[in-house]
Structures are given as C-alpha cells and as structure tokens.
Amino acid sequence: MAESVYSVVGAERDSERMQVLRTRCLERKWQAWPDLSVPVAQALHATEAVPSWQLRKGAVARARLSSLRFELDEHELLIGRLAKAPAADPEALARAREYLQRYPGAGGQTGHCELDRSRLFARGLDGLLADLARRRDSCDGERAETLESFAQALAGFREMIERAALTAEAQIDDAAPGRRRELERIALSCRRLAHQPPQSFRDAVQLSWFMDLGTMVGDYVWLVVPGHLDRTLLPFYEHDRTSGTLDDAEALALLESLYVLINEFVPDGLAISVMVGGRDAQGRDVTNPLSYLCLEALRRTRLVYPTVGLCWHDGTPAALTELGTELIAEGLCNVAFFGDATIQRGLGRLGVPAAEACNYINSTCVEITPVAASNVWVASPYFSTPGLLLEEIAAQAAAPRPAASFEAFLEAYRNRLGARIDAAAAEQNRLRQGRQAYGRKPLQSVFTRDCIDRARDIDDGGACYNWVECSFVGLANLADSLEVIRTEVYDSGRLSLGPLCELLRTDFAGRESERQRFLSHPKYGNGTAAVDGLLAGIVRFASGECARQRMLPDDSHFVSGAFCWIMHERLGRECGATPDGRRAGTPFADGCGPAQGREHCGPTTAILSTTSWDHSPLIGGAAYNMKFAKGLFAVAGARSRLRDLIITFLRRGGFETQVNVVDAAVLRAARQAPDAYRDLVVRIGGYTDYFVRLSPQMQDEILLRTEFQAF
C-alpha cells in the first residue's frame, strides 16, 4: 500500500487476493440480472384466487428470492455473487413472459435509498418475523394482509441466505486447509444470519449486502446503497476490536470484498454510494476508524463502485480531509466532498427534524435522501432549461408583439418553465397513483421506517419521507445564453428575436463570426456578478415553483435539484444551438458549475462564482466538477492547495464537489486503445464511470472540460 495519511498495519497480506478479485470482476462482469420470469409467473398463477394484490406481491418476492443461486470462488471472503441462471426451458420461459403481460407495470423511480438496518441488526430474522406475526394478529383487513406480505418476503429472504450457506458448505470438503477455514466462517455466518442478529463485524458486512441485494432482486428495485457504513457497522467493529477477534487489515479486506461484490452485481453506468463522516443530532463529529477504512478500501479495489462521499463540516478531522484529498490527487475520482451544513439546512426546509437531518445519504449520485426512512423519487424528471429557452425564443419571434424588454422576456421564460414544472409534478402524481395500484415492495417496506409501524407498503405511503426530486439541467448554458440575449437583443439592439431564432435554427451556418461574438460575452464561472445572478435567479424561481407543488400520497414536497448523471449529454444532443455560442447537439454544462472550457480565470474564481448563490434548496442534488492535470500533483504543495480549494467551496456553502485528476493525453490514448484502459474511471455528472464505455459524445464532453494546470 502506498504511504498514506492513514495507514493500516498488515493490509498488504490481502493485497494479492484483492487484485485477483478485482481482475476477475472486470473480466466476468455480466450486465443483466437472472431472468426470473418463470418463478414470478408461477407465484402469480398460484395466487390468482387471492384478492389482495399486496399478498400476491409477497408471494412474488418470496419466489424471486428463493430462486437465487450463488457462486463463490477461492478468493472471496463474502458470499453474494449471483450465479448465472441455467438456461430456462424456452417454451416455459415464453409462456411465463406471455402470462406476465396481463399484469400492468408501475412506473416511477425505485431504490435510491439506504435501508433501515436497525430492526434486523437488533432482532435477527427470527425476532423480526415474530414481531410481524404479533402485529398481524392484532389487526385485520388490509393491515393484516400487508404485514403478512412482509412476512412472506422475509421468508424468501431467509431462504436466499440459507442457499448461500449451502453454496459455501458444498465447497468445504474439497478445499485446502486455509480456504476450508474461510469457507467454514462464511457458512457459519450465513447459518447464523438466517435466524439470529449479526454477532460480528463479518456478520454485519455480510448481512448488509444480503439486505441490499435481496431488496433489489426480491422487489425488483434499483440502486439500494450501502450508505453510512461507518455508522451502521461501528458497534460490531468496536466489539470485535476490543475482543481481539478483528484487526484493521481484516476489516479493510471485508470492506474491499463488499465493494467488489457491488461491482459484480450493479451494471456499469449507474451509481452506488457510501458516505462517511458528518455529525450526530447534537452536532458532534462522528468520524471514526471505519470512516478512514471506507475511503482506504478504494485504493486497492479501484473499480467504478462505490463512490465514497465525505460529509464535511468545520469539525471534520483534518486527517479525514487529507485522506480524501490524497486519494483524489492519486486519480481516485470516486471520492467526493459534501457540504454538511448546506445539506442539513436544505433538509430542515423540507421539514426534516434536526435529529434526522444529520443522517442523510447521497442516494446514488448527489441527490439527498434521509437514511432508512425514504421512498424518495429522484431525477423525476430532468428539465432541459436551454431547450425551454429555445421554445421561448421561437414563440417570441413568432408573436405579433414580442417582449419589449429583457425583464419581460425573462418573465415569459419563467412562465414557460413554471408551466413545465406544473405538468411534470402532475405526471409524477399520476405515476404515484399507478405505483400504489400496481406496485408494492414488501421486502423494501420491512427495511424502511415506518412501514411496519403503519402496516403500509412503501408504495402505499408507508415511508416517513415520500417527496419527489427533479433536476434542472444546463443552468450555466441558460445563464450564459440569457446574458447574450440581454446584451445583443435588448441593450445594443444588434439583433432582434426573429433573426436570432433563425441563426440558432441553422446552427450558425455561415455565421461563425456571430457565434464567436456570442462566445466572447461574459460567462458564468468567471466572477461576473451579472451572469452569476442570472443563474441564481433561475434557481430561486425554479425552487419556488417546485415548492408550490404537492405530491401523492401524503402532500409531500416536489424538490429541486441541479445534477445531471448523463443527461447533460443526452439533452444536449437533442437540443439545437443556443445563444451562448454552443453548437447544436453539444453537451450542456455538467451540474451547477460553468460550461465546459469557460472558466477563464482559474479554479478559485470559478468556485467564487459557483458559490455566489444558495445551494441549500437543491436537495435533489448539485454537483460541481473540477478537473486537474495529473502532473500538477508532482509539485510540492499541490495536494494542500487542492484541499484548500475544496474547503473554500464547502465553507462558502457549496453542496458537493468532485474532481478528475487525469491528463487529457491519457484520455485520448484510452480512446485509441480501449482494452488497455478498461479500468480507467472518470467522474461524470455526479457519478463515476469507465471512460472507455462512455459514448463518443460523452468522452468528448470530458475532454472539453477545463483542465486546470495551476491553482
């Protein structure tokens, strides 16, 4: 292991094992879950006489979970890698798929949460099933049916764990002595977890993965995340360290094994998050040794998942900040910094009490959800803010009396955006109604507060928090475009809206001089208050319009955000030329930072612009990307200057920042020889991905970003 601000004695003993697992993961990764159409169809067919859809979904979850099979190779310390399902009988599969077509799907987001581990960690499966039975027997009707469906899902969850135990036990007799002991520990842990609470750090890590995997497969949801491992696993870590049954090297190896399992299961191009650090309900820092180990586990795995978010506040230990910065400087872009004070302030506005606002997770990319209690839908939907601008320009150009002033034009744009927000909220409510009727997720409900206490499924309003988060994409392009319109159309009168509309419609064909003039106007990210203020005003307006909405099933919030995943490229590809000088089809800006290549005054000025407005309403997520040349960090003091930049961003109210440290030459080489750079990971719009699997357009977008050569 490289010299680090946080070292783990003995960590080198598992280095070779982890490198083998890492290589095998990259080689064997499959991109599809097992086809469970046959067991699902069988469960639904067997329950056709049951009037309760909730009970039938309990049977489906049990069938899905009990049908899972696992594989375990000679290096794995945890079990949980799904075996590829044997080829199903083609006729049976065809019949099952035909049968399932009669059942309508339920739209809307799924997953994007950290589960409530407290009940299962405290009571174990036997205890939790007994609790459900007592609650079920004390009520009747729909509530009793709901609790019974929860119990059915838990029964399937137990069968899944028992199947994992059998897989490990089947290998014991033929294993070498050292491996035999490891297999016995894996099998014993699984046998215990099928009934009892976890008793060790190993048990807790294993059960955490079983919960996440079981929920994703059993209820067919996506992106259930490990979350605050340094909080949920801490009691087990401290117990085992005190008893002498665990050292940091083994704890690190188990965390690395968990990271590899995540990469084996989750297809590329998505996002899985871990978060460390932060504060408790009394405002005390909660950083502990596991916070460092969760970060250190990235150093050897070096895979696309997970990202590790450092929940930063003024009391965060310097050593944790240094470790996060060190890993970024080494090129590990999986690390990100989140502004704890800003996020807690935003959660407070949404009515989350202080005792819970301290316990949140970036549920995949940078969107925020309260831990253990969320049925929050994220990125629902994405808005193309420049696309709406083009609509408004066209409408004004065709109007008998177009807007006579910039303020009138801006007001018309805001009205258009507000109408689109109204329509989007109505569509999400329609999807919520469909989910209530045709959804239901009994296992996720068991692991989400307060579904058990309310005896209501998560799709029926059982969770504590049920808001919907949307995201506004291309904000920097919008602000830059509005500045050009203000100057060119209204201040100087050089253009009217009709000719501007035609210029954009033709993508500046034969008019490169005009495009260059548009590009020469002041741009967001360079300390120009007028342009920065345009973006701030749009964010205030959009957030206010979202706040007017009310979402089913419990009058929850419609929450604004500004993160984009890959949508800045996708929406940009669909959008014509814009007045900021951007050509048709070019990606939008990635998040809440300046558009690609437009930070002309260096990173400090870009940070001052980006934090000149209030990020706290954007609980739907706001990412700020920075990119530095790799060679810059060969200079003494460079890492400290990066740390100071990050802290400046956070202290000024920044929501989240992430950094790519990679030379453009390396990226270009990867395009030419992708097989040689299969594991090159880069930050995109709030998430990480393998550079060589990105679309050519997204690769171009990464290359277009400003690569700072100095601080």
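Side-chain atoms are counted along with the backbone in the values below, which use heavy atoms only and exclude waters and symmetry mates.
A donor-acceptor pair shorter than 3.5 Å can be found between the side chains of Asp340 and Tyr360. Under the 3.5 Å distance criterion, with hydrogens and angles disregarded, no donor-acceptor pair is assigned to the side chains of Ser200 and Asp240. If you check the side chains of Asp126 and Gln196, you find no donor sitting under 3.5 Å from an acceptor. Between the side chains of Arg440 and Ser149, not a single donor N or O lies within less than 3.5 Å of an accepting N or O. Side-chain contact, Asp230 with Ser291: a donor N or O sits under 3.5 Å from an acceptor N or O. Side-chain contact check for Asp457 and Gln54: at least one donor-acceptor pair (N or O, by modelled atom type) lies under 3.5 Å.
For the pair Leu618 and Ala562, the tightest heavy-atom approach, listed with the atom from each and the gap, is CD1-CB, 4.0 Å. Scanning all heavy atoms of the two residues, the minimum distance from Leu36 to Ser67 falls at CD2-OG, 3.4 Å. Gln444 and Asp219 get closest at one heavy-atom pair: N-OD2, 2.7 Å. Shortest non-hydrogen contact noted between Thr688 and Asn334 is CG2-CA, 4.0 Å.
Inter-residue side-chain proximity for Trp377 and Met551 is flagged as unmet; no heavy-atom pair is nearer than 4.5 Å. Side-chain contact between Thr369 and His112: absent, with no pair of heavy atoms (C-beta onward) separated by less than 4.5 Å. Using a 4.5 Å heavy-atom cutoff, the side chains of Leu65 and Glu159 are not in contact. Contact of the Tyr382 side chain with the Arg570 side chain is not registered, since no non-hydrogen atoms from C-beta on lie closer than 4.5 Å. Looking at Pro370 and Trp467, their side chains come closer than 4.5 Å, going by heavy atoms from C-beta outward. Taking the side chain as every heavy atom from C-beta outward, Ile421 and Phe558 approach each other to under 4.5 Å. Counting heavy atoms from C-beta outward, Phe150 and Arg135 have side chains that stay 4.5 Å or more apart. In this structure, the side chains of Val559 and Cys546 stay at 4.5 Å or more apart for every pair of heavy atoms.
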Trp565 and Phe563: CA distance, side-chain angles, deciding distance, ring pair (Phe, Tyr, Trp, His ring centres under 6.0 Å) verdict:
CA-CA 6 Å; Trp565 182 41; Phe563 97 99; 8.5 Å; no
Assess whether salt bridge (Lys or Arg N to Asp or Glu O under 4.0 Å) is satisfied between Arg24 and Glu264, documenting all intermediate values.
CA-CA 9 Å; Arg24 289 180 178 178; Glu264 294 273 10; over 6 Å; no
Assess the residue pair Asp280 and Arg231 against the criterion (salt bridge (Lys or Arg N to Asp or Glu O under 4.0 Å)); give the C-alpha distance rounded to whole Å, side-chain angles, the decisive distance to 0.1 Å, and a yes or no.
CA-CA 10 Å; Asp280 63 14; Arg231 301 187 188 190; over 6 Å; no
For salt bridge (Lys or Arg N to Asp or Glu O under 4.0 Å), just list the numbers for Arg548 and Glu545, CA-CA rounded to whole Å, side-chain angles, deciding distance to a tenth of an Å, and then say yes or no.
CA-CA 5 Å; Arg548 292 193 307 104; Glu545 289 297 291; 3.0 Å; yes
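Between Tyr237 and Phe201, the two ring planes are perpendicular [angle over 60°; tilted spans 30° to 60°].
The side chain to side chain contact (heavy atoms under 4.5 Å, CB included) search around Arg456 returns Arg454, Asp460, not counting sequence neighbours. For Ser118, the side-chain hydrogen bond (donor to acceptor under 3.5 Å, both in side chains) partners are Asp116, not counting sequence neighbours. With sequence neighbours left out, the side chain to side chain contact (heavy atoms under 4.5 Å, CB included) criterion links Ala63 to Pro39, Ala43. A search for side chain to side chain contact (heavy atoms under 4.5 Å, CB included) contacts involving Arg430 returns Glu427, not counting sequence neighbours. Listed by chain and residue number, nothing satisfies the side-chain hydrogen bond (donor to acceptor under 3.5 Å, both in side chains) test with Thr448 (two or more places apart in sequence, or in another chain). With sequence neighbours left out, Glu91 forms a side chain to side chain contact (heavy atoms under 4.5 Å, CB included) with Asp89, Arg95.
Using a 4.0 Å cut-off between charged nitrogen and carboxylate oxygen, Arg134 and Asp137 do not count as a salt-bridge pair. Contact check on Arg550 versus Asp555 returns no salt bridge, with no Lys/Arg side-chain nitrogen under 4.0 Å from an Asp/Glu carboxylate oxygen. Under 4.0 Å is where a charged nitrogen must lie from a carboxylate oxygen, and between Asp212 and Arg117 at least one such pair does.
Each of Asn375, Thr215, Asp459 was scored for a side chain to side chain donor-acceptor pair (under 3.5 Å) with Lys441, with one residue passing: Asp459. When Thr146, Ile458, Leu147 are each tested for a side-chain contact (heavy atoms from CB on, under 4.5 Å) with Ser445, only one passes: Ile458.
For Gln206 (side chain) and Leu78 (main-chain N/O), no donor-acceptor pair under 3.5 Å exists by modelled atom type. A donor-acceptor pair under 3.5 Å is absent between the side-chain atoms of Arg345 and the main chain of Ser616, judged by distance alone. Between the Glu114 side chain and the His228 main chain, a donor and an acceptor come within less than 3.5 Å of each other. Between the side chain of Glu76 and the main chain of Asp73, a donor-acceptor pair closer than 3.5 Å is present. A donor-acceptor contact shorter than 3.5 Å is absent between the side chain of Arg69 and the backbone of Ala83. Checking side-chain atoms of Tyr259 against main-chain N and O of Leu303 turns up no donor-acceptor pair under 3.5 Å.
The local environment of CD in Glu71 is crowded, with over 12 non-hydrogen atoms from other residues, nucleotides or ligands closer than 6.0 Å.
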